[in-house]
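Input: a single structure, listed below in structure tokens.
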Amino acid sequence: MSTNVCVFIGRLAKNPEITTLPSGKERTRFSIAVDRDYKNEDGSRTTDWHNVVIWGSANYIRKTHLGQGDKVCVSGRMENNEWIDNDGVQHREKVLNCSKIELVQKKRSDKDAATEDTAAAMQQGTLQEEDDLPF
């Protein structure tokens, strides 16, 4: 018996590309960045990039407004695809054929981060009120 089940949690490298094929079926393609569990000697983490394709689930992508930087959990099976393009060049691609996708976390905008940092500072009492300033 063989099993081909993969689960990745990572951030979208760029906005998903949704294509409608002549048959009417929709295909969504994107790649995700997945950091490894361990740190290198210099303290950095190695990042692996995985190509993902979803067939016929573009409505979820649109509804959740998935975009670059969002953290997602994807599961499906890994496939090795080979093809020859119109110029006769052979291509190989390893892709996750996704059967399930879940939004884990939206990317924080700079505005959201500043608002959260200010709220946290006020809660901890580290941000002074204007009336307390010595000038």
Side-chain angles (χ1 to χ4, degrees):
M1 182 170 144
S2 299
T3 303
N4 181 351
V5 178
C6 298
V7 178
F8 297 116
I9 298 175
R11 296 203 177 272
L12 272 70
K14 59 183 179 178
N15 293 335
E17 298 173 3
I18 300 172
T19 307
T20 302
L21 303 178
S23 65
K25 195 170 192 177
E26 290 183 315
R27 176 185 67 192
T28 305
R29 296 180 66 89
F30 56 90
S31 61
I32 59 172
V34 179
D35 290 334
R36 294 189 185 175
D37 289 343
Y38 61 88
K39 291 184 179 179
N40 298 322
E41 290 178 9
D42 63 358
S44 65
R45 292 188 187 272
T46 301
T47 301
D48 294 311
W49 297 87
H50 300 283
N51 294 321
V52 179
V53 64
I54 305 173
W55 293 97
S57 295
N59 285 337
Y60 177 81
I61 305 297
R62 289 185 190 104
K63 184 174 78 174
T64 55
H65 304 289
L66 287 181
Q68 181 178 7
D70 291 344
K71 185 182 269 189
V72 294
C73 177
V74 292
S75 61
R77 67 180 184 276
M78 288 302 290
E79 296 179 349
N80 294 308
N81 297 327
E82 296 183 16
W83 71 95
I84 298 175
D85 67 15
N86 293 337
D87 298 328
V89 178
Q90 184 172 3
H91 297 271
R92 290 187 177 136
E93 176 187 44
K94 185 174 279 195
V95 65
L96 175 77
N97 189 330
C98 181
S99 58
K100 185 173 182 184
I101 181 170
E102 199 69 37
L103 175 65
V104 175
Q105 180 183 44
K106 292 294 280 181
K107 178 184 176 186
R108 287 184 356 165
S109 69
D110 292 339
K111 181 181 175 184
D112 293 340
T115 302
E116 289 175 16
D117 291 345
T118 302
M122 288 183 75
Q123 191 174 33
Q124 293 175 357
T126 58
L127 189 66
Q128 294 181 347
E129 295 292 327
E130 285 185 32
D131 294 339
D132 294 340
L133 296 176
F135 49 89

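Count residues from 1 along the sequence.
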Subject >> Considering all heavy atoms, the nearest Gly76-Ser99 contact >> reply: CA-OG, 3.7 Å

**OP:** Let me know which of Ile32, Val34, Ile54 forms a side chain to side chain contact (heavy atoms under 4.5 Å, CB included) with Val74.
**Re:** Ile32

**OP:** Would you confirm whether Arg29, through its side chain, and Val53, through its main-chain N or O, come within 3.5 Å as a donor-acceptor pair?
**Re:** no

Subject >> Leu21 side, atom CG; Glu26 side, atom CD - distance, nearest 0.5 Å >> reply: 9.0 Å

**OP:** Kindly indicate, with the supporting measurements, whether the criterion side chain to side chain contact (heavy atoms under 4.5 Å, CB included) is fulfilled by Ile101 and Leu66.
**Re:** CA-CA 11 Å; Ile101 181 170; Leu66 287 181; 3.7 Å; yes

Original post:
Do you reckon Trp55 sits in the same ILVMFWY cluster as Val95, going by side-chain contacts under 4.5 Å, direct or chained?
Top reply: yes

Subject >> Inter- and intrachain pairs under ring pair (Phe, Tyr, Trp, His ring centres under 6.0 Å), touching residues 14-38, at least two apart >> reply: none

**OP:** May I ask you to check whether over 12 heavy atoms, not counting those of Asp37, lie within 6.0 Å of atom CG?
**Re:** no

Original post:
Same cluster or not: are Ile18 and Tyr60 linked, directly or through other Ile, Leu, Val, Met, Phe, Trp or Tyr residues, by side-chain heavy atoms under 4.5 angstrom apart?
Top reply: yes

**OP:** Examine distances only and state if a side-chain atom of Gln68 and a backbone atom of Ala13 form a donor-acceptor pair shorter than 3.5 Å.
**Re:** yes

Subject >> Reported CZ-to-CG distance for the pair Arg92 and Asn81, which is rounded to 0.5 angstrom >> reply: 12.0 Å

Original post:
Between Asn97 and Arg77, is there a donor-acceptor pair closer than 3.5 Å when you use the side chain of the first and the backbone of the second?
Top reply: no

Original post:
Residues two or more places apart in sequence or in another chain: which of them pass side chain to side chain contact (heavy atoms under 4.5 Å, CB included) with Lys63?
Top reply: none

Original post:
Under the side chain to side chain contact (heavy atoms under 4.5 Å, CB included) test, which residues partner His91, sequence neighbours left out?
Top reply: Trp83, Asp85, Val89

Original post:
Arg36 pairs by side-chain hydrogen bond (donor to acceptor under 3.5 Å, both in side chains) with which of Thr46, Asp48, Thr47?
Top reply: Asp48

Subject >> Lys106 NZ: over 12 foreign heavy atoms closer than 6.0 Å >> reply: yes

Subject >> Minimal non-hydrogen separation, Cys6 against Met78, with atom names >> reply: SG-CG, 3.2 Å

**OP:** Find the distance between CG (Asn80) and NZ (Lys94) and round it off to the nearest 0.5 Å.
**Re:** 5.0 Å

Subject >> Worked check of side chain to side chain contact (heavy atoms under 4.5 Å, CB included) between Val5 and Ser75 >> reply: CA-CA 7 Å; Val5 178; Ser75 61; 5.7 Å; no

Subject >> Expected output: side-chain Asp42 to main-chain Ser44 donor-acceptor under 3.5 Å >> reply: yes

Original post:
Between CG of Asn15 and OG1 of Thr28, what distance do you get to the nearest 0.5 Å?
Top reply: 12.0 Å

Original post:
Rounded to the nearest 0.5 Å, how far apart are NZ of Lys39 and CZ of Arg45?
Top reply: 5.0 Å

Original post:
In Å and rounded to the nearest 0.5 Å, what is the CD to CD1 distance from Gln105 to Ile9?
Top reply: 11.5 Å

